[in-house]
Protein chains: 2
Amino acid sequence: MPPQLSTSSAPCCTLCPFRPACRLACGNAASLMPRTVTLRAGDVLYIQGRAARAVYPIRAGGVKQVFETGIGWRQVSGFLQPGDVCGLEAHEADAHDATVIALQDTECCAIAVETLRPMLRDDPGIRAAVVAMQRRHARRQAELLVAIGSMKAAQRLAMLLLDLAAEQARRGVADGVLTLAMTRNDIASYLGLTLETVSRLLSRFGAAGLIIVRQRKLRIVDPDGLAAVHADGDAVAAPAPPAAAQAGPPAIP
Amino acid sequence: MPPQLSTSSAPCCTLCPFRPACRLACGNAASLMPRTVTLRAGDVLYIQGRAARAVYPIRAGGVKQVFETGIGWRQVSGFLQPGDVCGLEAHEADAHDATVIALQDTECCAIAVETLRPMLRDDPGIRAAVVAMQRRHARRQAELLVAIGSMKAAQRLAMLLLDLAAEQARRGVADGVLTLAMTRNDIASYLGLTLETVSRLLSRFGAAGLIIVRQRKLRIVDPDGLAAVHADGDAVAAPAPPAAAQAGPPAIP
DNA sequence: CGCGAAGTTGAATGGGATCAAAGCACGTGG
DNA sequence: CCACGTGCTTTGATCCCATTCAACTTCGCG
């Protein structure tokens, strides 16, 4: 077993919708060999409003999507991880509808629209995968809208944590240790809160035994409890003093 | 000139994306003759999660979209007017992604997916119109997300009013009298507020001379002022007592 | 080691929610 | 025609959750 790589796993294409047509992923010499792009934390992949010339499947790392309204109000609108695809709007619009910024060292492919469009026309499998991806994104956005519109802060944060864990499970990671590549500020923006509130809630979740947090490493200890918080909001109220002997699980490795 | 119809104008197809292929709209005998549906206030057009067998262009009246999350939290997610199309997700999904309920007496067409799909395949014009409609909807949802996530109540309401006015202008109505078919509660749900807050803000906007409200009739007096409220939020703060002689415009006709 | 960015924690404030009570429009039936 | 009931709206008083302001700690990196 090789030594552990940085914090994220090596480039992973297993969830990429373009995998069957991609030489990087399946090795077929006759297939597409996409250009790749590498980004460092803070680098901008593309900017909202600029011409959309490609879509960008993420191979490793992580990015945030930032949306800016017509009058200049910005908000984080999503976090994308390996297996997700940035800029899918390119296949039916000519401009990007959000800005994408790397949260950590990130590697992604770039598939030009001139390559993409024939692929979508000719391959029903890929087309279906892309449509499915768009619908998942729309559904998540609708759920987020309701969360921000009518749920309390604790519910929103619980939702995000469960969401991140589900995403992680979807890409096959077994142990429940999440790495939050984004800052507290990014999380707060995404959830319509402030960074202080996010920090306080993470501490409170930790005190309640739902999670273990240490900086950007997070382990979900009690998924059912988190789900209860998401559904109820008052499930974790006062930071009850943990009495005496409570040999909780050791800190995150 | 016939006497004025109820409160909304007669069935209007001028903005319908399917107009060029529709006998109701263009009179071409060889074209499609869609089935029509009539609803009374409160009637349900379709329900989230049920099989999507058709799309429903609205000819007259108005409806609200209601989205329900996986754990049963509901929120109004949009208001649709004549020229809009309900259930457009049908062309790539097999289930409706929201519930649609009539706000008033409403008339709409029903175009079965079996009819829709060939139409979209063969007619680039219609396809483009449908894509444009979906993108406008996505953009509006993103703006709403930022508004609910980080704007104050007054800003959100100003945004909605300006939006409704713009929609009305888009369908060619000249005088600026809006008819709010939805209740204060619907507005509040859509904006992530409570009905009391919406009511108070409408009164405050009225006192500030931005609008004239009386029940569900609303006239925008000062669009620029409203835009300032949308951008700033503090533009209309204290309900300043209107001093003395201020012969404001007469009540809404 | 020292600096800046990110995170934690506390205390005070405020905006919107909640609770409560009238007021108003509209349909229904006496 | 008017009395009545119901649902929607308005307005007031109070409360509470999240924001704001501020101080301090921790981490990452030159």
Side-chain angles (χ1 to χ4, degrees), chain A residues 6-7 40-42 64 76 103-105 147-158 179-207 211-218 229 232-239 241 251-252, chain B residues 6-7 40-42 64 75-76 103-105 147-157 179-189 191-207 211-218 229 232-239 251-252:
Chain A
S6 60
T7 45
R40 316 243 327 250
K64 63 177 171 182
V76 173
L103 293 169
Q104 57 187 278
D105 290 359
I148 293 184
S150 37
M151 290 182 174
K152 301 213 265 190
Q155 297 179 272
R156 303 185 209 175
L157 182 58
T179 300
L180 303 175
M182 68 295 283
T183 67
R184 303 287 189 261
N185 219 337
D186 291 331
I187 296 176
S189 171
Y190 179 71
L191 296 175
L193 300 169
T194 58
L195 67 152
E196 293 97 328
T197 300
V198 170
S199 179
R200 268 185 258 270
L201 285 173
L202 285 174
S203 300
R204 205 200 297 175
F205 285 1
I211 63 176
I212 300 175
V213 235
R214 181 178 168 79
Q215 298 296 130
R216 301 201 173 178
K217 293 290 188 188
L218 187 149
V229 172
D232 184 334
D234 296 326
V236 49
I252 295 181
Chain B
S6 60
T7 46
R40 316 242 329 248
K64 64 177 171 183
Q75 189 166 315
V76 172
L103 293 169
Q104 57 187 278
D105 292 358
I148 293 184
S150 36
M151 289 183 175
K152 301 214 264 190
Q155 296 178 273
R156 304 185 210 175
L157 183 57
T179 300
L180 304 175
M182 68 295 283
T183 67
R184 303 286 190 261
N185 217 339
D186 290 331
I187 296 176
S189 172
L191 297 175
L193 300 169
T194 58
L195 70 158
E196 293 97 328
T197 300
V198 170
S199 178
R200 268 185 257 270
L201 284 173
L202 285 174
S203 301
R204 204 198 299 174
F205 286 2
I211 62 176
I212 299 174
V213 236
R214 180 179 168 77
Q215 298 294 131
R216 300 200 172 178
K217 292 290 188 188
L218 187 150
V229 171
D232 185 332
D234 296 326
V236 50
I252 295 181

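The chains referred to below are lettered A, B, ... by the order of the sequence lines, with proteins before strands, and numbering in each begins at 1. Side-chain atoms are counted along with the backbone in the values below, which use heavy atoms only and exclude waters and symmetry mates. Predicted model, so just to flag it, every value in this text is computed and none were measured.
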If the cut-off is 4.0 Å, is B:Arg214 near the phosphate of D:dT9, judged by side-chain N/O to OP1 or OP2?
no
Any base atoms under 4.0 Å from B:Gly192, or only sugar-phosphate, or nothing? Heavy atoms, all strands.
sugar-phosphate
Show, in sequence, the C-alpha distance, side-chain angles and deciding distance for A:Asp186 and A:Leu103, and conclude whether the side-chain contact (heavy atoms from CB on, under 4.5 Å) test is met.
CA-CA 10 Å; A:Asp186 291 331; A:Leu103 293 169; 3.7 Å; yes
Of the listed D:dT19, D:dT9, D:dC27, the closest approach to the B:Arg216 side chain comes from D:dT9
Under the side-chain contact (heavy atoms from CB on, under 4.5 Å) rule, what do B:Leu191 and B:Thr197 come out as? Steps first, then yes or no, please.
CA-CA 11 Å; B:Leu191 297 175; B:Thr197 300; over 6 Å; no
Heavy-atom pair with the smallest gap, counting every atom of A:Arg40 and A:Asp105
CA-OD1, 3.6 Å
So, does A:Arg216 use its side chain to make a donor-acceptor pair with the main chain of A:Ala181 at under 3.5 Å?
yes
What is the distance from CG of B:Leu157 to C1' of C:dG15, rounded to the nearest Å?
15 Å
Considering only side-chain heavy atoms of B:Ser203, which listed nucleotide, C:dA17, D:dT11, D:dT19, is closest?
D:dT11
Heavy atoms from C-beta onward define the side chain here; which of D:dA13, C:dG16, C:dA20 lies closest to that of B:Glu196?
C:dA20
Ranking C:dT8, C:dG16, C:dT18 by distance to the side chain of A:Arg184, first place goes to C:dT8
Value in whole Å for how far the C1' atom of D:dT11 lies from CZ of B:Phe205
17 Å
What nucleotide among C:dA25, C:dT8, D:dT19 has an atom nearest to a side-chain atom of A:Leu195?
C:dT8
Per B:Ser199 side chain, nearest of listed nucleotides C:dA6, D:dT11, D:dC8
D:dT11
Think A:Thr194 has a side-chain N or O under 4.0 angstrom from the OP1 or OP2 of D:dT19?
yes
Could you tell me how far apart A:Leu201 (CG) and C:dG7 (P) are, to the nearest whole angstrom?
15 Å
Nearest-Å distance, CG (B:Leu103) to P (D:dC8)?
12 Å
Side chain of B:Gln215 - closest among D:dT20, C:dT18, C:dA25
C:dA25
Integer-rounded Å distance: C:dG16 P and B:Ile148 CD1:
13 Å
Give one of base, sugar-phosphate or nothing for B:Leu193, where a contact means two heavy atoms less than 4.0 Å apart.
sugar-phosphate
B:Gln104 has an atom CD; how far is it from atom C1' of C:dA25, in whole Å?
17 Å
In sequence, state the C-alpha distance, the side-chain angles, and the governing distance for B:Ile148 and B:Gln75, and then conclude on side-chain contact (heavy atoms from CB on, under 4.5 Å).
CA-CA 12 Å; B:Ile148 293 184; B:Gln75 189 166 315; 4.1 Å; yes
Does OP1 or OP2 of D:dA18 have a side-chain N or O of A:Thr197 closer than 4.0 Å?
no
Would you mind reading off the distance between A:Asp234 atom CG and D:dC16 atom C1', rounded to a whole angstrom?
12 Å
Return the nearest nucleotide to the side chain of B:Thr183; candidates are C:dA17, C:dC19, D:dC8.
D:dC8
For B:Val198 and B:Arg184 the tightest heavy-atom approach is CG1-CD, 4.0 Å
Here the distance between atom P of C:dA6 and atom CG of A:Leu202, to the nearest Å, is 16 Å
